[in-house]
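Following: one structure in structure tokens, then a few remarks.
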Amino acid sequence: MTKEEFENKFGETLDAIVEAMAENTEIDPEKFYSMACIIENLRFFSPVLYGAIKK
């Protein structure tokens with residue numbers, strides 16, 4: 001898997017997680033915001049994650 005493929009698949013997965021959280025009415029908006037921030041940070045660090053997994 002190339003770096004670009006990893007970033008695309010990882011991004012799609014993170015988007016699916018955020019979408020599932022947004023559709024769940026039981027999730028508190030403040031917790032949703034916190035989790036969305038964490039997920040965006042994961043997306044930002046995806047090249048680092050790819051490098052760690054590749055090794």
Return the minimal non-hydrogen interatomic distance between K3 and P47, and the atom names on each side.
-> CE-CB, 3.8 Å
In Å, rounded to the nearest 0.5 Å, how long is the span from CG of L49 to CZ of R43?
-> 12.5 Å
Near E30 CD, under 6.0 Å, is it more than 12 heavy atoms from other residues, nucleotides or ligands?
-> no
Kindly determine whether M35 and I27 satisfy side chain to side chain contact (heavy atoms under 4.5 Å, CB included), including the steps that lead there.
-> CA-CA 10 Å; M35 287 303 299; I27 295 178; over 6 Å; no
F44, I17: one ILVMFWY side-chain cluster at the under-4.5 Å cut-off?
-> no
OH of Y50 to CD of E4: how many Å apart, nearest 0.5 Å?
-> 8.0 Å
Identify whether F6 and V48 are in the same connected component of the hydrophobic contact network (ILVMFWY, side-chain heavy atoms under 4.5 Å).
-> no
Would a hydrophobic clustering, with Ile, Leu, Val, Met, Phe, Trp and Tyr connected at side-chain separations under 4.5 Å, put I53 with L14?
-> yes
Say you draw a straight line from CD1 of I38 to OH of Y33; how long is it, rounded to the nearest 0.5 Å?
-> 11.0 Å
Find the distance between CG (L42) and SG (C37) and round it off to the nearest 0.5 Å.
-> 11.5 Å
Does CZ in F32 sit with more than 12 non-hydrogen atoms of other residues, nucleotides or ligands closer than 6.0 Å?
-> yes
Looking only at heavy atoms, the pair that brings E5 and M1 closest together is OE1-CA, 3.3 Å
